[in-house]
Amino acid sequence: HTYSIGFSAQGYDEMDYARIAVRHFNTDHHEYYVTADDIVKAVPAIAAIYDQPFGNSSAVPTYFCAKLAREDGCDRILGGDGGDELFGGNDRYAKQRVFEHYHMLPGLLRSALIEPASALLPDAVTPLRKLRRYVEQARIPMPRRLETYNLLERFGAEHVFEGDFLHAIDRGEPGRLQDKAYHGTNARALINKMLALDHQFTLADNDLPKVTKMCELAGIEVAFPLLHDDVVAFAARLAPELKLKGQRLRYFFKEALRDFLPEAIITKQKHGFGLPFGPWLQEHKGLQALVNDSLSSLAKRRIVRPAFLHELTAAKVAEHPGYFGTMVWVLMMLELWFQQQGSRR
């Protein structure tokens with residue numbers, strides 16, 4: 001028995017690939033398409049089950065996949081989590097390798113010539129703008145460079161949070177935790193350092209809590225075969241270039257399974273399990289009401305600046321729904337978690 005979740009939104013649905021696997025292995029397949037109505041109904045319970053605010057929107061399709069299996073009579077499902085973090089399957093591994101090429105240049109050449117010159121490159125000429133941005137990002141040491149994609153970092157903490165809240169927290173602690181995980185490993189290769197970081201953050205703090213809690217909410221058990229001790233130990237022994245070969249992700253994994261999986265699946269690009277929350281928010285009245293109510297309540301907690309919340313919902317989401325919708329989701333789930341915690345007291 002296999003179970004797949006789809007979305008009726010362009011760029012988000014991978015059901016065609018699931019069907020390729022179904023035909024290849026002749027499984028008894030079950031499908032469900034998550035809707036915006038499903039989100040409105042499910043997110044209060046999803047927010048409540050976590051012991052801390054949890055902002056990964058793919059918890060929603062994970063829950064409905066587990067729910068589909070449970071309603072079909074299954075009492076245990078298998079998840080594929082861990083494969084990317086063992087065998088080198090995330091796009092950022094290849095992207096950061098490109099940035100690391102910059103550090104192969106002599107330090108004096110970088111600091112005395114390339115960096116001052118790149119700062120003068122104009123925005124109007126696309127190739128020169130890209131070169132300048134490459135240098136700007138490449139000069140940031142790992143793992144801090146990964147945070148250049150963080151929406152919070154792009155907005156700026158002072159722009160997002162109330163001053164009193166910022167004074168009450170240690171803003172440097174997340175970075176120190178990342179540095180410890182990244183530099184604390186015995187690995188020397190970039191790919192292995194990034195995998196060590198992801199084992200502690202992407203897996204331990206994100207993917208595994210997401211799946212285990214959503215299965216708990218659906219009333220079904222879950223196991224992760226790729227995280228069996230023997231598989232983890234085997235992956236750790238692989239040479240770095242067998243995980244990331246040039247820009248080819250999961251090189252060993254794909255070659256090992258080439259005669260087992262359909263070629264279309266072997267050669268497909270990594271997609272992810274993103275929820276089309278931003279695009280749906282543009283059209284769905286129920287989602288709009290949920291977001292407006294949640295962010296209005298959050299504004300009263302003196303954590304996030306009301307002016308930022310207004311900017312986000314009034315302008316930014318319409319500008320780029322998929323990108324800025326992520327921040328709306330995170331803040332909505334933060335408030336829903338606060339509300340659910342309050343109702344328990």
Side-chain angles (χ1 to χ4, degrees), residues 1-5 14 17-18 20-22 24-30 49-50 54 56 58-59 61-63 65-70 72-93 181-182 184-187 189-245 248-262 265-266 268 270-273:
H1 291 263
T2 52
Y3 303 88
S4 293
I5 295 300
E14 283 191 292
Y17 285 99
I20 290 172
V22 167
H24 186 75
F25 294 108
N26 193 29
T27 71
D28 184 354
H29 192 56
H30 311 263
I49 199 169
Y50 289 98
F54 190 79
N56 188 333
S58 64
T62 301
Y63 166 66
C65 188
K67 182 173 179 285
L68 180 63
R70 185 70 187 92
D72 191 48
C74 289
D75 54 19
R76 193 182 201 215
I77 56 176
L78 304 180
D81 298 85
D84 287 333
E85 292 75 26
L86 290 175
F87 296 99
N90 290 312
D91 291 335
R92 59 183 172 273
Y93 304 147
Y182 184 84
T185 177
N186 291 326
L190 172 70
I191 179 64
N192 283 339
K193 288 184 176 182
M194 293 185 71
L195 293 178
L197 183 71
D198 278 345
H199 290 169
Q200 295 197 39
F201 289 93
T202 303
L203 276 177
D205 284 354
N206 194 335
D207 290 348
L208 296 183
K210 174 190 73 180
V211 178
T212 54
K213 281 296 184 180
M214 290 303 91
C215 287
E216 178 184 330
L217 185 61
I220 192 170
E221 292 183 1
V222 61
F224 305 98
L226 288 173
L227 292 176
H228 188 283
D229 287 350
D230 290 343
V231 180
V232 174
F234 173 80
R237 294 194 299 269
L238 285 175
E241 59 270 19
L242 291 179
K243 300 169 186 175
L244 178 63
K245 191 175 183 65
R248 297 169 66 184
L249 300 169
R250 287 170 297 206
Y251 176 76
F252 174 86
F253 189 84
K254 287 187 174 184
E255 291 303 311
L257 297 178
R258 189 167 292 280
D259 295 330
F260 179 72
L261 292 174
I265 291 178
I266 290 288
K268 78 178 291 292
K270 182 174 173 58
H271 189 281
F273 205 24

Practice item. Take F201 and Y182 through the ring-ring contact (aromatic ring centres under 6.0 Å, His included) test and state the conclusion after the steps. Key: CA-CA 11 Å; F201 289 93; Y182 184 84; over 10 Å; no
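- Shown here for A204 and P209, the closest heavy-atom pair between the two residues is O-CG, 3.2 Å.
- Interatomic distance, L208 CG to H199 NE2, rounded to the nearest 0.5 Å: 10.5 Å.
- Proximity of a side-chain donor or acceptor of D72 to a complementary backbone N or O of C74 within less than 3.5 Å is not detected.
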Check your understanding: Between F252 and L257, is a side chain to side chain contact (heavy atoms under 4.5 Å, CB included) present by the stated rule, with each step listed?
Key -> CA-CA 9 Å; F252 174 86; L257 297 178; over 6 Å; no
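- With values rounded to the nearest 0.5 angstrom, T185 atom OG1 is found 9.0 Å from Q200 atom CD.
- Heavy-atom minimum distance, A223 versus P225: O-CD, 3.4 Å.
- Between the side chain of K245 and the main chain of Y251, no donor-acceptor pair closer than 3.5 Å is present.
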Exercise for review: Take D207 and T202 through the test side chain to side chain contact (heavy atoms under 4.5 Å, CB included) and record every step on the way to the result.
Suggested key: CA-CA 6 Å; D207 290 348; T202 303; 3.6 Å; yes
Throw together a table of side-chain donor-acceptor distances under 3.5 angstrom for residues 75-91, partners on residues two or more places apart or in other chains.
unit_1: D84; atom_1: OD1; unit_2: R250; atom_2: NH1; d: 3.1
unit_1: D84; atom_1: OD2; unit_2: K270; atom_2: NZ; d: 2.6
unit_1: E85; atom_1: OE2; unit_2: N90; atom_2: ND2; d: 3.3
unit_1: N90; atom_1: ND2; unit_2: Y93; atom_2: OH; d: 3.0

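- Two residues are said to be in side-chain contact when any heavy atoms from C-beta on lie closer than 4.5 Å; T62 and I5 fail this criterion.
- Taking 4.5 Å as the limit, some side-chain heavy atom of H29 sits within range of a side-chain heavy atom of S4.
- The side-chain heavy atoms of M214 and Y50, taken from C-beta on, include a pair separated by under 4.5 Å.
- Using a 4.5 Å cut-off on side-chain heavy atoms (C-beta onward), V211 and C215 make contact.
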Review point. Can you list the steps and then say if D198 with R92 is a side chain to side chain contact (heavy atoms under 4.5 Å, CB included)?
Key: CA-CA 11 Å; D198 278 345; R92 59 183 172 273; 2.9 Å; yes
Practice item. Test L203 against L227 for side chain to side chain contact (heavy atoms under 4.5 Å, CB included), laying out the working first. Key: CA-CA 10 Å; L203 276 177; L227 292 176; 4.2 Å; yes
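- Side-chain contact between T27 and H1 is absent, with no heavy-atom pair separated by less than 4.5 Å.
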Do any side-chain atoms of residues 235-244 form donor-acceptor pairs under 3.5 angstrom with protein atoms, and if so which ones, sequence neighbours left out?
unit_1: K243; atom_1: NZ; unit_2: N192; atom_2: OD1; d: 2.8
unit_1: K243; atom_1: NZ; unit_2: A235; atom_2: O; d: 3.3

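- Note that CD1 of I49 is 5.5 Å distant from NZ of K213, once rounded to the nearest 0.5 Å.
- Atom CG of N206 sits about 7.0 Å away from atom OG of S58, to the nearest 0.5 Å.
- Applying the salt bridge (Lys or Arg N to Asp or Glu O under 4.0 Å) rule to R258 yields the partners E255, E263; only residues at least two apart in sequence or on another chain are considered.
- In the displayed structure, N186 atom CG is contacted under 6.0 Å by at most 12 heavy atoms of other residues, nucleotides or ligands.
- Contact annotation: the side chain of E221 never approaches that of E216 to less than 4.5 Å [non-hydrogen atoms, C-beta and beyond].
- The distance from the CD1 atom of I266 to the NZ atom of K268 is 11.0 Å, given to the nearest 0.5 Å.
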